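Values below: all heavy atoms of this structure, side chains included; hydrogens, waters and symmetry mates excluded. The structure presented is a predicted model; accordingly, all values stated were derived computationally and were not measured. Residues: numbered from 1 along the sequence shown.
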Amino acid sequence: MIRRIFILIISLSITAPAIAQEPLQPYDARGRYRTGGFEVQLTGALGGGRDLMLSWGGLAVGGRGGRWMQRTELVAGLHAGGNLVDRIMAGPQVSLALAVPAWYTELDRGTRAEPYLVLGGGAYGVVGFAGDETELGISPTISAGIGFRLFDDEWDVALTHVEVVLQQRFGVADQEPQVYLRFSRSVPRVRRTPTPHPDAPGGLPPASRRR
């Protein structure tokens, strides 16, 4: 038994450095990010006002090529309407996205954009102002849409997200499904640099310069 444990320890000590130095690939999103952004309501009656929301939280990326993205955020904002501010909202929001890296496109100056599908849900605490009365309540939400994640650099993978989602709200802020435009920014919690694999004769190529 002791001999087997000793062999296992020796094996782990040999393989651990190789695992730790697994090379990064260009545009390979992974790990955890800090996020922040905003969203604005695009549709609805012109006299009905618009939602303006800010968000901040965290993003976890995993899977081959960073295909899966899970975002957990705190969202806060207001509904600007006939009374300038008709209601104030704040609460948690979570989403799950599936990217399709193979369908990427190149934008100006070499920025890479990868499309993804996103599903989300949340629950806002709402303070509504109707005349001289104040209304309190909860508004659950569900949303679905499409987005693009834009890579700023090949190796230090900071992401910019642009999403168009259809959102349905219930409860106090019940309304017909509305289209929202979201912008957010995800910055790696730990700065990444390319690490050559010891078995790779040429290592990794240097990051390309911006065009």
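- Taking CG of Leu78 as the start and CE of Met53 as the end, the distance is 8.0 Å to the nearest 0.5 Å.
- Between Ala60 and Arg32 the shortest heavy-atom distance is CB-NH1, 3.9 Å.
- Nearest approach of Ala29 to Val61, heavy atoms of both residues: O-CG1, 3.5 Å.
- No side-chain heavy atom of Val118 sits less than 4.5 Å from a side-chain heavy atom of His161.
- Distance check, rounded to the nearest 0.5 Å: CG of Leu42 to OH of Tyr180 gives 9.5 Å.
- One N or O on the side chain of Ser139 and one on the backbone of Phe170 form a donor-acceptor pair closer than 3.5 Å.
- Note that CZ of Phe38 is 7.0 Å distant from CG of Leu181, once rounded to the nearest 0.5 Å.
- A donor-acceptor pair is defined here as one N or O able to donate and one able to accept, closer than 3.5 Å; such a pair exists between the side chain of Thr43 and the backbone of Val179.
- Between Thr35 and Ser186, the shortest heavy-atom contact is CG2-OG, 3.3 Å.
- Taking CE of Met69 as the start and CG of Leu98 as the end, the distance is 8.5 Å to the nearest 0.5 Å.
- Side-chain atoms of Tyr124 and Gln93 include a donor-acceptor pair closer than 3.5 Å.
- Scanning both residues, Arg185 and Ala158, for their nearest heavy atoms gives NH2-CB, 3.9 Å.
- In this structure, the side chain of Arg112 does not engage the main chain of Glu154 through any donor-acceptor pair within 3.5 Å.
- Note that CD1 of Ile146 is 8.0 Å distant from CG of Leu117, once rounded to the nearest 0.5 Å.
- A 4.5 Å side-chain heavy-atom check between Arg87 and Val172 finds every atom pair outside the cut-off.
- No donor-acceptor distance shorter than 3.5 angstrom exists from the side chain of Glu135 to the backbone of Gly128, with no hydrogens or angles considered.
- In the hydrophobic cluster analysis, where Ile, Leu, Val, Met, Phe, Trp and Tyr join through side-chain heavy atoms closer than 4.5 angstrom, Tyr33 is grouped together with Tyr116.
- Thr72 is not listed as a side-chain neighbour of Pro92, based on a closest heavy-atom distance of 4.5 Å or more.
- Taking every heavy atom of both residues into account, Gly66 and Arg149 meet most closely at O-NH1, 2.7 Å.
- Here the closest non-hydrogen pair linking Pro101 and Arg67 is CD-NE, 4.3 Å.
- For the pair Gln168 (side chain) and Gln175 (backbone), a donor-acceptor distance under 3.5 Å is present.
- With rounding to the nearest 0.5 Å, the separation of CG in Asp153 from CG in Leu159 is 11.0 Å.
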